[in-house]
Amino acid sequence: MSVDHVRRRRTFAIISHPDAGKTTLTEKLLLFSGAIHIAGSVKARKASRHATSDWMEIEKQRGISVASSVMQMEYRDCILNLLDTPGHQDFSEDTYRVLTAVDAALMVIDAANGVEAQTLRLLEVCRARGTPIITFVNKMDREVREPLDLLDEIERALGMTAVPFTWPVGMGKRFGGVFDIRRNSMRVFKPGADRIDAAFEWIQGLDNPESLQRFGSEFEKARDEIQLLQDAAADFDREAYLGAQQTPVFFGSAINNFGVQEVLDAIVDLAPSPLPRQAMERTVEPVEKKFAGVVFKIQANMDPAHRDRIAFVRVCAGRFERGQSIKVVRSGKVLKPSTVVAFMSQRRELLDEAYAGDIIGLPNHGTLQLGDTLTEGESLQFTGLPFFAPEIFQAVEVADPLRSKQLKHGLAQLGEEGAIQVFRPHAGSQLLLGAVGQLQFEVVAHRLQHEYGVAARLMPSKFSLARWITSSDERELKKFIEFYAHRIAYDAVEAPTYLVANNSELRVAQEQWPSIQFHAMREHAGLVFQQNL
């Protein structure tokens with residue numbers, strides 16, 4: 001296993017609150033790396049172009065990201081694996097699982113709104129995992145908040161030191177550019193479009209009279225703020241950044257190509273190479289010779305014409321070669337995939353090899369599940385891929401009874417993805433859908449209609465709470481299931497789930513059945529449960 005291949009990889013996710021400009025920044029990162037030559041029109045979704053990273057039909061209609069997408073690009077002799085996550089809170093579970101597959105995160109903040117609610121939730125995930133974060137403050141070409149106020153808020157929200165690498169000169173119509181503090185030079189703002197045609201203009205030095213002459217009081221104000229920061233702010237410490245105690249901060253306007261280059265350079269210079277991954281049995285090092293990977297996402301119908309299902313695999317160790325034998329540890333099955341793909345959003349290319357840090361796509365016909373560990377034979381189980389108990393439920397039935405088979409088939413595939421949870425009742429036949437947010441139901445209904453040709457009726461459910469159930473006493477568990485048969489359902493991996501209308505019903509069951517454990521979270525295939533506190 002070549003250490004150099006691992007050293008060259010950077011695998012990171014982009015996170016933000018909806019409408020902070022995350023998808024636009026993703027486009028521009030692809031543009032600046034040379035991976036694409038014309039950016040999708042993000043701000044005008046009725047136009048013929050759409051963002052490269054938003055491939056699902058409903059995303060194009062609404063102008064939002066509701067599915068994570070993966071893009072690989074090469075920049076400065078490094079291979080960057082970029083995972084674009086849904087910004088909408090209703091899809092936070094998918095985002096959480098994606099964050100388990102990366103080594104760093106790029107946080108996008110709207111300069112007008114600061115650190116927003118969904119950003120805080122995602123930050124909690126990053127903080128819990130010790131994921132290092134680079135911060136990009138976007139939309140400086142608009143009338144926004146004062147950068148010093150934003151810096152203070154970032155520090156308070158993240159609970160870590162914010163170290164500015166660049167600083168804005170003005171905002172809105174008075175936006176003159178950004179000053180690169182470490183290079184002691186100013187990059188002058190020239191509004192960009194979809195292409196990188198003109199070279200950027202630089203003005204050297206904080207005391208260069210040309211900057212003061214051209215930008216007047218705006219530059220004077222920025223210079224005073226930069227000098228204040230140089231005196232008072234902490235110096236950048238890469239170890240502190242890697243330990244999620246510091247975040248480098250960059251300012252810019254992604255829609256105008258501004259500040260993107262600096263962010264790309266920071267990812268290469270600062271973000272870590274692939275890190276060791278924890279399995280239940282041992283710590284797996286990325287430079288090991290034998291391949292090991294984990295399925296962190298499954299997506300159906302990326303190519304609607306072929307009704308395909310793709311398992312997204314994070315390569316955790318070793319080298320993967322197309323056609324090699326790999327073992328699905330959970331089932332013991334051996335695969336020899338010959339159509340392994342690398343991702344460029346909706347474009348896919350056959351790949352011959354991949355290394356630790358890379359994201360590869362394996363065709364999946366029901367063999368692979370979320371959280372599956374793949375190895376060259378060793379029995380390993382990677383940990384940390386969560387499933388959360390749904391917070392809202394709806395019953396589902398097909399409008400045309402003759403299409404019931406298609407409904408079950410569609411729901412089985414969409415349930416595999418994990419963005420919606422499909423429950424089969426212990427008693428009765430009506431399937432139940434569980435989700436974290438209401439928008440998930442709308443997406444499922446849309447996809448059933450457009451991808452499977454099924455018009456589904458979604459109806460309110462009497463249940464509003466679910467807990468997975470386990471017990472060290474199998475007879476007690478069986479007795480509990482039979483006693484509450486009308487409240488028991490099974491999820492995609494046949495894990496039994498107890499459904500209730502409210503918390504008081506759950507408390508009663510917990511008091512009356514002390515031998516039963518009720519869990520608000522499960523890991524892959526029910527192997528590891530987290531107690532409901």
Strictly by modelled atom types, are Y241 and E239 linked by a side-chain donor-acceptor pair under 3.5 Å? no
If you take all heavy atoms of E155 and A162, which pair is closest and at what distance? OE2-N, 3.0 Å
Going by atom types alone, do D358 and N81 pair a side-chain donor with an acceptor below 3.5 Å? yes
Between I133 and M107, which heavy-atom pair has the shortest distance, and what is it? CG2-CB, 3.8 Å
Looking at every heavy atom in both V6 and P274, which two are closest together, and how far apart are they? O-CD, 3.1 Å
According to the interplanar angle, ranging from 0 to 90°, do the rings of F189 and F175 count as parallel (below 30°), tilted (30 to 60°) or perpendicular (above 60°)? tilted
Between E288 and R319, is the closest basic N to carboxylate O distance under 4.0 Å? no
Excluding sequence neighbours, so at least two apart, what forms side-chain contact (heavy atoms from CB on, under 4.5 Å) with E218? V169, R174
Applying side chain to side chain donor-acceptor pair (under 3.5 Å), can you list everything that pairs with E153, at least two apart in sequence or on another chain? R145
Can you see whether W202 has R183 sitting over its ring - NZ or CZ less than 6.0 Å from the centre and within 45° of the normal? yes
Do the ring planes of F165 and F250 sit parallel (below 30°), tilted (30 to 60°) or perpendicular (above 60°)? tilted
For N184, which residues count as a side chain to side chain donor-acceptor pair (under 3.5 Å) partner, sequence neighbours excluded? none
Could you check, using the six-membered ring where one of them is a Trp, whether Y75 and F32 have ring centers closer than 6.0 angstrom? no
With D149, which residues qualify under salt bridge (Lys or Arg N to Asp or Glu O under 4.0 Å), at least two apart? none
Test of understanding: with side chain to side chain donor-acceptor pair (under 3.5 Å), list the residues that count as partners of D152, not counting sequence neighbours. R156
Can you name the side chain to side chain donor-acceptor pair (under 3.5 Å) partners of D141, sequence neighbours left out? S253, N256
Given R314, R9, R10, the one that forms side chain to side chain donor-acceptor pair (under 3.5 Å) with D103: R314
Between E262 and T166, do the side chains contain a donor N or O and an acceptor N or O under 3.5 Å apart? no
